[in-house]
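To start, the structure under review is shown below, and the notes come after it.
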Amino acid sequence: MQSIEFPDFSFSSPLAGTIIDLERMRGDLGGGTTHPAVFLQLKSLFQLMASIMSARIEGNRTSIVDAVEGAATYTGMGDSTAAEGVKEIVQLQEAAALIDQVVEPGSPITHGLVRELHKIAVLGLKREGDRTPGAYRTTDVTIGGSAHTPPSPVAVQGDMSELLDFVNRPVERSYDLLKVAIAHHRFVWIHPFGNGNGRVCRLFTYAIMVSQGFTDTTKYRAVNPTTVFGADRSLYYRMLEDADSLKPDAIIRWCQYLLEGMLNDLQKLNRLSDGSFVLDRLLRPAIKRGVDAGAYSIRDASALDIVARLTEVRASDLESAIPGSIPVRSQHIRRLVDKRLIQPVAEGKRSYRLVMAPGPLTPFIIRQLDELGFLPSILQDNFGGIP
């Protein structure tokens with residue numbers, strides 16, 4: 001395999017300008033007035049969206065409403081009642097959760113992690129599964145619609161070792177995201193697994209960003225390059241194929257495509273650091289959409305509005321929305337918890353916060369994100385008739 005190197009580009013080129021803008025945006029993210037607990041909820045929401053996007057790139061047509069309902073009721077890989085498309089999405093979420101659990105800034109990306117991500121992503125699936133979950137391929141493969149022929153299976157272990165050496169090699173911070181772009185393409189180029197390479201590559205790319213500390217600077221890990229690929233699936237595949245020659249100019253074009261898309265995504269995400277924007281333009285309109293759709297009552301919505309405004313509430317904070325005796329209010333709060341509209345901030349605590357994902361509010365929040373221009377085209381559907 002051709003060795004993995006950074007392409008030689010002029011520091012007055014558009015690519016250099018994009019890298020500079022990304023670094024500036026990286027420093028700006030994470031501040032603002034949005035409460036950290038809300039960032040945590042947004043992380044869950046955006047992670048679910050990224051899992052749906054990644055599955056849709058591979059042809060999964062599960063609707064957002066069905067994906068959210070399935071994710072909320074999924075009981076694990078042994079859940080025989082879950083639809084195949086839902087299982088694929090939830091397992092991608094579980095793989096992303098593993099990354100958040102085990103990868104920290106400075107952590108190396110290992111063969112073991114890559115193979116575990118593959119195992120979680122494909123285990124038990126039929127259409128999108130693999131005969132050997134968690135193992136590199138031992139047979140030749142082809143890529144549908146591509147002229148590129150991946151390396152022989154005997155080369156996979158060595159090629160992946162070289163890729164991981166490249167990923168884990170310290171570089172100047174300004175080269176971090178350039179490394180992300182190059183590594184993403186080279187993973188797909190190697191095609192180390194029999195099936196699931198696209199999904200695992202997107203998880204792999206997210207893991208690199210976590211290890212670089214990029215997502216940690218945002219206070220919530222909503223930064224995920226899957227959004228870039230979901231903006232135009234056909235363009236994503238064309239740009240990957242263009243880079244398959246491994247020629248420097250083609251690699252530069254690929255890097256420019258990915259980093260420009262990430263910059264655009266980060267500019268949108270930066271709006272979520274404004275607490276007033278999140279409350280007045282995202283959460284309150286989403287809560288109203290739920291009432292209009294008949295998902296819950298006006299009284300429920302009044303309580304949810306207070307929770308959204310205060311972030312964390314006790315029963316006494318909800319007196320104006322749920323008048324009456326303390327037992328009556330407690331019963332109503334229990335119903336909101338049972339419906340997964342709110343949840344205790346911790347087990348045994350009597351303070352509550354919104355459930356953004358997965359739960360009944362999720363489709364309405366995603367619908368509002370669409371209204372605000374946050375969703376890539378691959379996530380845009382009829383939302384089950386949500387107004």
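Computation of the quantities below employed the complete heavy-atom set of this structure, encompassing side-chain atoms and omitting hydrogens, waters and symmetry-equivalent molecules.
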Does the [X] side chain pair with the main chain of [Y], one donor and one acceptor, at a distance under 3.5 Å?
| X | Y | answer |
| --- | --- | --- |
| E84 | R127 | yes |
| H148 | D244 | no |
| W254 | D242 | no |
| K179 | V167 | yes |
| Q91 | L123 | yes |
| N195 | G129 | yes |
| S211 | G106 | no |
| R56 | T62 | yes |
| K268 | G373 | yes |
| H185 | I182 | no |

One pair to check against side chain to side chain contact (heavy atoms under 4.5 Å, CB included): Y74 and E94. What are the steps and the verdict? CA-CA 11 Å; Y74 191 70; E94 291 174 346; 4.0 Å; yes
Cluster link [X] to [Y], ILVMFWY, side chain under 4.5 Å:
| X | Y | result |
| --- | --- | --- |
| L98 | L92 | yes |
| V141 | V154 | no |
| V122 | I143 | no |
| L15 | L235 | yes |
| I378 | L375 | yes |

Run the salt bridge (Lys or Arg N to Asp or Glu O under 4.0 Å) test against D338 and tell me which residues pass, sequence neighbours left out. R334
Test of understanding: with salt bridge (Lys or Arg N to Asp or Glu O under 4.0 Å), list the residues that count as partners of D292, not counting sequence neighbours. K288
From CA spacing to verdict: side chain to side chain contact (heavy atoms under 4.5 Å, CB included), F204, V180: CA-CA 9 Å; F204 169 71; V180 169; over 6 Å; no
Side chains of [X] and [Y], donor plus acceptor under 3.5 Å:
| X | Y | answer |
| --- | --- | --- |
| R202 | S54 | yes |
| D300 | H332 | yes |
| Y206 | D100 | yes |
| T18 | D21 | no |
| Y136 | H111 | yes |

Do [X] and [Y] have side-chain heavy atoms sitting under 4.5 Å apart?
| X | Y | result |
| --- | --- | --- |
| T142 | H191 | no |
| M49 | L369 | yes |
| L177 | L258 | no |

Using 30° and 60° as the class boundaries, would you call the ring planes of Y257 and Y236 parallel, tilted or perpendicular? parallel
Looking only at heavy atoms, which two atoms of [X] and [Y] are closest? And how far apart?
| X | Y | answer |
| --- | --- | --- |
| E241 | A147 | OE2-N, 3.2 Å |
| S276 | D274 | N-OD1, 3.0 Å |
| G261 | V228 | C-CG2, 3.4 Å |

Would you call E371 and R289 a salt bridge, taking side-chain N to carboxylate O under 4.0 Å as the test? yes
So, are E128 and R199 salt-bridged, with charged N and O less than 4.0 Å apart? yes
Would you check, one step at a time, whether the test side chain to side chain contact (heavy atoms under 4.5 Å, CB included) holds for N264 with E260? CA-CA 6 Å; N264 180 60; E260 279 187 351; over 6 Å; no
Please tell me whether F166 and F6 form a close aromatic pair, meaning their ring centres lie under 6.0 Å apart. yes
With a cut-off of 6.0 Å (strictly less than), are more than 12 heavy atoms of other residues, nucleotides or ligands near CZ of R131? no
Please table the atom pairs, donor to acceptor, closer than 3.5 Å between any side-chain atom in residues 310-328 and protein atoms at least two apart or in another chain.
| residue | atom | partner | partner atom | Å |
| --- | --- | --- | --- | --- |
| R314 | NH1 | S351 | OG | 3.4 |
| D317 | OD2 | R314 | N | 2.8 |
| S325 | OG | V328 | N | 3.3 |

About how many Å separate CD1 of I99 and CG of L117, when rounded to the nearest 0.5 Å? 4.5 Å
